Amino acid sequence: MIKIAVVGATGLVGTEMLKVLEEMHFPAHEFLFCASEKSIGKKIVFCNHTYQIISVHEAIEANCNIAIFSAGSETSKKFAPLFANKGTYVIDNSSCWRMYPDVPLVVPEINAHTINEHTKIIANPNCSTIQMVLALAPIHKNYNIKRIVVSTYQSVTGTGMKAFQQLMSERKGEACEKVYPHSIDLNCFPHGGTFLPNGYTTEEQKLVDETRKILGDPSINVNATVVRIPVIGGHSESVNIELEHDFDINQIKNILSSSQGIVVLDDPQQNIYPTPQIAHGKNEVFVGRIRRDETIKNGLNLWIVADNLRKGAATNAVQIAFYLVQKYFS
């Protein structure tokens, strides 16, 4: 009798989690939905049933098997250990626990094996990291990646509902609360997260640290630039990698095509390549513009696109929950 809680059920990612749980027919017998204090008592509809939002404390006392968090780092830091102390597996979508050495940072297709019965807190990686490593992991396994240079073109939905509202308000010419330091409509800016003393941002540093942890290789050099653009469908990434071993470009395409969770769209002569509109609402990671970098030995270019609210957050978390059910509750 699986009991699952969703913490942060009314936010952008939380709402998407409910859709994914419903679409995937998640095998739970009881669902609990939590949100901020101001949302307690409100009603939401899930699987044609009406549920009442409860407090996080109520969910902790309910002794859930699994709790999926999408409520920010402060909430996760405060409440995830309380769930874990009750024996609940916590899947956390914030940045709070990702770099703790004893907390698995999981993309199920790559490293679900890092989860064990005693790892009660499991971290969901950053959205831009998930889509990149899903495409790079099979290439790394076959050819050994030495260096990654990535520039991201990230949807405003990665910042949350207020960022989406800013974009829509600017598009209509209406006054609004500014989440970004610049207008986002008809604009883009190289600023994701906060700036660090070395000139990089926290979002860029996540790509470095999380990639190394998920791929299990701290020797990989990663250089990242994060750019916010006025789209809502998903994140796009221009990824240049340097491999240790030579490769055949058709074999790279075959490896990607046969990898779980990846869809190759790569026929540029017919204008076929991934875009955020194609990825929007889908659970897969889309890869195209697959070509050699002719300026370096064993260089490869990829264009990687995914819905940041889906595989970049909600879908990945629900897939982890499925793994837990199959491993420990079946």
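Quick caveat: nothing in here was measured; it's all calculated off a predicted structure.
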For this session: Please check if any side-chain donor atom of Asn223 sits under 3.5 Å from a side-chain acceptor atom of Tyr200, or the reverse.
Result: yes

Exercise. Should Gln319 and Val106 be marked as a side-chain contact (heavy atoms from CB on, under 4.5 Å) after you check the CA-CA gap, both sets of side-chain angles, and the distance that decides it?
Worked result: CA-CA 10 Å; Gln319 288 172 329; Val106 175; over 6 Å; no

Exercise. Does the pair Glu109 and Leu134 meet the rule for a side-chain contact (heavy atoms from CB on, under 4.5 Å), with working shown?
Worked result: CA-CA 7 Å; Glu109 298 92 336; Leu134 190 63; 3.7 Å; yes

Exercise. What pair of heavy atoms forms the shortest contact from Thr315 to Met24, and how long is it?
Worked result: CG2-CE, 3.8 Å

For this session: Examine Ile122 and Val20 and state if one hydrophobic cluster contains both, with Ile, Leu, Val, Met, Phe, Trp and Tyr joined whenever side-chain heavy atoms are less than 4.5 Å apart.
Result: yes

For this session: Check whether any side-chain heavy atom of Ile278 sits under 4.5 Å from a side-chain heavy atom of Leu265, and report yes or no.
Result: yes

For this session: Spell out, as yes or no, whether a donor-acceptor pair under 3.5 Å connects the side chain of Thr211 to the backbone of Val208.
Result: no

For this session: Would you name the heavy atoms of Ala84 and Val90 that are closest together and state the gap between them?
Result: N-CG2, 4.2 Å

Exercise. Got a salt bridge between Asp266 and Arg289, using NZ or NE/NH1/NH2 to carboxylate O under 4.0 Å?
Worked result: no

Return all side-chain donor-acceptor pairs below 3.5 angstrom for residues 61-71, not counting sequence neighbours, or 'none' if the list is empty.
from: Glu61; atom 1: OE1; to: Lys86; atom 2: NZ; distance (Å): 3.4
from: Asn65; atom 1: OD1; to: Lys3; atom 2: N; distance (Å): 2.7

For this session: Give a yes or no answer on whether the side chain of Trp97 reaches the backbone of Val103 with a donor-acceptor pair at less than 3.5 Å.
Result: no

May I have the list of side-chain donor-acceptor pairs in residues 144-153 shorter than 3.5 Å, sequence neighbours left out?
from: Asn144; atom 1: ND2; to: Glu244; atom 2: OE1; distance (Å): 2.3
from: Thr152; atom 1: OG1; to: Gln154; atom 2: OE1; distance (Å): 2.9
from: Thr152; atom 1: OG1; to: Val227; atom 2: N; distance (Å): 3.4

Problem set entry | Side-chain donor/acceptor of Asn85 to backbone N/O of Pro81, under 3.5 Å | yes

For this session: Answer yes or no: is there a donor N or O on one side and an acceptor on the other, between the side chain of Asn93 and the main chain of Asn124, under 3.5 Å?
Result: no

Exercise. Would one find more than 12 heavy atoms of other residues, nucleotides or ligands at under 6.0 Å from atom NZ of Lys78?
Worked result: no

Exercise. Is the backbone of Leu207 close enough, under 3.5 Å, to the side chain of Glu210 for a donor and an acceptor to pair up by distance?
Worked result: no

Exercise. Distance from Asp217 atom CG to Ile220 atom CD1, nearest 0.5 Å?
Worked result: 4.0 Å

Problem set entry | Minimum side-chain heavy-atom gap Met99-Lys213 below 4.5 Å | yes

Exercise. Counting N and O atoms only, with roles assigned by atom type, does the side chain of Arg292 sit under 3.5 Å from a partner on the main chain of Asn298, one being a donor and the other an acceptor?
Worked result: no

Exercise. What is the distance from atom CD1 of Ile262 to atom CD of Gln131, rounded to the nearest 0.5 Å?
Worked result: 11.0 Å

Exercise. Yes or no on side-chain hydrogen bond (donor to acceptor under 3.5 Å, both in side chains) for Lys311 and Asn283, after CA distance, side-chain angles and deciding distance?
Worked result: CA-CA 5 Å; Lys311 183 55 180 173; Asn283 296 319; over 6 Å; no

Problem set entry | Residues Asp185, Arg171: salt bridge by 4.0 Å N-O rule | yes

For this session: Check whether any side-chain N or O of Thr15 sits under 3.5 Å from a backbone N or O of Gly11 as a donor-acceptor pair, and report yes or no.
Result: yes

Problem set entry | Single-linkage hydrophobic cluster, 4.5 Å side-chain cutoff, Leu167 and Phe189 together | yes

Exercise. Are the side chains of His140 and Asn142 in touch, meaning some heavy atoms are under 4.5 Å apart?
Worked result: no

Exercise. Are Ile4 and Ile44 grouped together when hydrophobic residues (ILVMFWY) are joined by side-chain heavy atoms under 4.5 angstrom apart?
Worked result: yes

Exercise. CZ of Phe33 to OG of Ser39: how many Å apart, nearest 0.5 Å?
Worked result: 14.0 Å

Exercise. Hey, is Lys162 close enough to Glu177 for a salt bridge, meaning N to O under 4.0 Å?
Worked result: yes

Problem set entry | Flag side-chain contact, heavy atom, 4.5 Å: Glu74 against Ser94 | no

Exercise. Rounded to the nearest 0.5 Å, how far apart are CE of Met161 and CE of Met168?
Worked result: 11.0 Å

Exercise. Considering residues, nucleotides and ligands other than Gln277, do more than 12 of their heavy atoms fall under 6.0 Å from its CD?
Worked result: no

Problem set entry | Tyr100 side chain to Ile121 backbone, donor-acceptor under 3.5 Å | no

For this session: With side-chain contact (heavy atoms from CB on, under 4.5 Å) as the test, would you mind laying out the steps for Gln166 and Val179 before giving the verdict?
Result: CA-CA 7 Å; Gln166 178 180 338; Val179 178; 3.6 Å; yes

Exercise. In this structure, are over 12 heavy atoms from other groups packed under 6.0 Å from Gln260 atom CD?
Worked result: no

For this session: Would you mind reporting whether Val305 and Glu237 have side-chain heavy atoms less than 4.5 Å apart?
Result: no

For this session: Walk me through it: do Asn301 and Asn240 pass the test side-chain hydrogen bond (donor to acceptor under 3.5 Å, both in side chains)?
Result: CA-CA 5 Å; Asn301 290 303; Asn240 175 270; 2.8 Å; yes

For this session: Rounded to the nearest 0.5 Å, what's the gap from OG on Ser95 to CZ on Arg98? Could you check?
Result: 5.5 Å

Exercise. Under 4.5 Å between side-chain heavy atoms, hopping through other hydrophobics if needed: is there a path connecting Val263 to Trp303?
Worked result: no

Problem set entry | Any donor-acceptor pair under 3.5 Å from Ser155 side chain to Val231 backbone | yes

Exercise. Would a 4.5 Å heavy-atom cut-off, applied to side chains only, mark Asp248 and Ile252 as touching?
Worked result: no

Exercise. Between Phe31 and His49, is the ring centre distance below 6.0 Å?
Worked result: no

Exercise. Counting only N and O atoms by type, is there a donor-acceptor contact under 3.5 Å from the side chain of Lys120 to the main-chain atoms of Phe83?
Worked result: no

Exercise. Distance from Asn221 atom CG to Ile241 atom CD1, nearest 0.5 Å?
Worked result: 13.5 Å

Exercise. For Val156 and Pro230, which heavy atoms make the closest approach, and how far apart are they?
Worked result: CG1-CA, 4.4 Å

For this session: Check whether any side-chain heavy atom of Ile249 lies under 4.5 Å from a side-chain heavy atom of Leu300, and answer yes or no.
Result: yes

Problem set entry | Sidechain N-carboxylate O distance under 4.0 Å for Lys19, Glu16 | yes

Problem set entry | Least distance between heavy atoms, Tyr51 atom then Phe46 atom | CE1-O, 3.5 Å

For this session: Please check if Ile53 and Met17 belong to a single hydrophobic cluster, counting links between Ile, Leu, Val, Met, Phe, Trp and Tyr side chain heavy atoms closer than 4.5 Å.
Result: yes

Seminar exercise, completed: Taking every heavy atom of Ile40 against every heavy atom of Ser55, the minimum-distance pair comes out as CD1-CB, 3.5 Å

Problem set entry | Sidechain N-carboxylate O distance under 4.0 Å for Glu203, Lys206 | yes

Exercise. Any side-chain donor paired with an acceptor under 3.5 Å for Thr157 and Asn308?
Worked result: yes

Exercise. Would you say the ring centroid of His245 lies under 6.0 angstrom from that of Tyr143?
Worked result: no

For this session: Would you check if Asn111 and Pro104 make a side-chain contact, meaning some heavy-atom pair closer than 4.5 Å?
Result: no

For this session: Please report the closest heavy-atom contact between Ile229 and Cys188, naming both atoms and the distance.
Result: CG2-CB, 3.8 Å

Problem set entry | Evaluation steps, side-chain contact (heavy atoms from CB on, under 4.5 Å), between Ile91 and Asn316 | CA-CA 10 Å; Ile91 303 165; Asn316 198 73; over 6 Å; no

